[in-house]
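This report refers to the structure that appears directly beneath it.
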There are 2 protein chains.
Amino acid sequence: MIKEKGQLLLDYINRYVSLTKEEEELLLSKVTYRAYLKGQFIVQQGDICKYECFVLSGCTKTSYIDGEGQEHIVMFSIEDWWTADMGSFITQTPADYNVQCIEKTELIMFSYDIIEDLYTAIPKLERFFRQIIQKAFVASQKRIVRSFSLSAKERYVYFRNQYPKIEQRIPQYMIASYLGITKEFLSKIKSELISEQ
Amino acid sequence: MIKEKGQLLLDYINRYVSLTKEEEELLLSKVTYRAYLKGQFIVQQGDICKYECFVLSGCTKTSYIDGEGQEHIVMFSIEDWWTADMGSFITQTPADYNVQCIEKTELIMFSYDIIEDLYTAIPKLERFFRQIIQKAFVASQKRIVRSFSLSAKERYVYFRNQYPKIEQRIPQYMIASYLGITKEFLSKIKSELISEQ
DNA sequence: ATAAAAAGTTAAACTAGATTAACATGATTT
DNA sequence: AAATCATGTTAATCTAGTTTAACTTTTTAT
């Protein structure tokens, strides 16, 4: 299974660094393939997050339940992206977030216990992860900027343009949560956008 | 100069990885010490950001000027932290942010042209930067969560508790900008907090 | 096919925070 | 010491987005 599915991961990694055949084999021998059903949790708030996961197919949401029991979605992860509670993973302390599948989702999982060995055996992976985390950090900073320099409507239009494929696959109330607004207000925004042209 | 000032940087790095004496010397021979005056810019919106900077002393703000000419502060960096426009640095494209000193500030600068050589010569640095960027990413995600699950007053109280030292050093209108509110509203929040007890 | 549950819509009343504007205090320069 | 400029305050008015609640549409399960 991992042989067959692993190629997608290798292709992805090789966009950043070039692994030798031996390194590729070693890597695939250390990671785990797993499929989750829609609704299943990869991480639950309070768990110790044991895995960094590469998404082969499907979609997950990373969310936070606040004091009033309200869910706030922090990110979606689709094919060719990563999912985990990074904070919990790197410190091995209880997770702040839930990671839940909103479609049937296939993952390749890097466990905490083996990732250090992998870094030692394949130093290029350290570079690879540094690069993708740098990109994730930059994206996260840009999201903060958008959250205070754009109105809700502008953020929605930005989201729709940036992630046209995601929008089709996700219920609207989750998009509202990701944008930091209520589902009612998103509904209003959408009807305004329609009547605008 | 770098000999004398560099020890702070080495101490910081050695909290994450252990460098040999030779690696320490090589590192210090490749980086640059520089002092900026209050008000000077390290990066200006539109520049290509050439340096990742470690802050030895002083304080910088990283901010964004929006379409209406409003400044939005994305982060402050003080002693023992980093400053740059990471997005511009990693892609060598024009910066979205200004990085400006709000005090006299001493830096150690890692230039884009030498950092790749350093990674090659000292692979441990790759690990070091991976680790600090992971931490920065986690902090950035947490800030997004706070921005939509806390009120302005709660965010201010959080900031005050989290960064008591920074608050004293920074004009209030910059704190308001960082919190994503107007200076007038922060003023109101402060007077409410005083009358509350 | 039907019922039940989940997701989306609309509209009225409300509130956190913005805007405007006038004033107060403090710091810097001459 | 006065003048200027940057920073901070207060209060009235306004608005983007929330809340509540009733209703409609779509999806899922039986």
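Just so you know, these numbers use all the heavy atoms, side chains as well, and skip hydrogens, waters and symmetry mates. This is a predicted model, so every value here is computed, not measured. In what follows, chains are A, B, ... by sequence order, proteins preceding strands, each numbered from 1.
Rounded to an integer number of Å, the gap from NZ of A/Lys153 to C1' of D/dG17 is 13 Å. Computed from coordinates, the A/Leu186 CG to C/dA11 C1' distance equals 17 Å when rounded to whole Å. For the pair A/Tyr156 OH and C/dG8 P, the interatomic distance rounds to 11 Å; values are reported in whole Å. Taking atom CD1 of residue B/Ile189 and atom P of nucleotide D/dT9, one finds them 12 Å apart after rounding to whole Å. B/Asp66 has its CG atom 13 Å from the P atom of C/dA18, to the nearest Å. Whole-Å rounding puts the A/Leu179 CG to D/dA16 P distance at 17 Å. One interatomic measurement links the two molecules: CD of A/Glu192 to C1' of C/dT9, which rounds to 13 Å at whole-angstrom precision. Distance NZ (B/Lys188) to P (C/dA21): 19 Å, rounded to an integer number of Å.
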Output a table of nitrogen or oxygen pairs between the protein and nucleotides 3-7 of chain D separated by less than 3.5 Å.
residue	atom	partner	partner atom	Å
D/dT7	OP1	B/Tyr173	OH	3.4
D/dT7	OP2	B/Tyr173	OH	3.0

List every contact pair, protein side and nucleotides 19-29 of chain D side both N or O, where the distance is under 3.5 Å.
none

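Ion pairing of B/Asp113 with B/Lys30 is absent here, as no side-chain N (NZ or NE/NH1/NH2) approaches a carboxylate O to less than 4.0 Å. We find that A/Glu24 and A/Lys124 are not joined by a salt bridge, their nearest charged nitrogen and carboxylate oxygen being 4.0 Å or further apart.
Using cut-offs of 30° and 60° on the angle between ring planes, the pair B/Tyr12 and B/Phe54 is tilted. Using cut-offs of 30° and 60° on the angle between ring planes, the pair A/Phe159 and A/Phe76 is tilted.
Residue A/Val55 belongs to a hydrophobic cluster whose other members are A/Tyr36, A/Ile42, A/Val43, A/Tyr51, A/Val99, A/Leu107, A/Met109, with links defined by side-chain heavy atoms closer than 4.5 Å.
In this structure a side-chain-to-backbone donor-acceptor pair under 3.5 Å is present from A/Thr105 to A/Glu103.
When hydrophobic clusters are built by joining Ile, Leu, Val, Met, Phe, Trp and Tyr residues whose side-chain heavy atoms come closer than 4.5 Å, directly or via intermediates, B/Ile144 is not grouped with A/Ile133.
Looking at the side chain of A/Ser191, the nearest of the listed nucleotides C/dA18, D/dG17, C/dT10 is C/dT10.
Counting non-hydrogen atoms of other residues, nucleotides and ligands closer than 6.0 Å to NZ of A/Lys135 gives a total of 12 or fewer.
Aromatic ring centres of A/Phe110 and A/Trp82 lie closer together than 6.0 Å.
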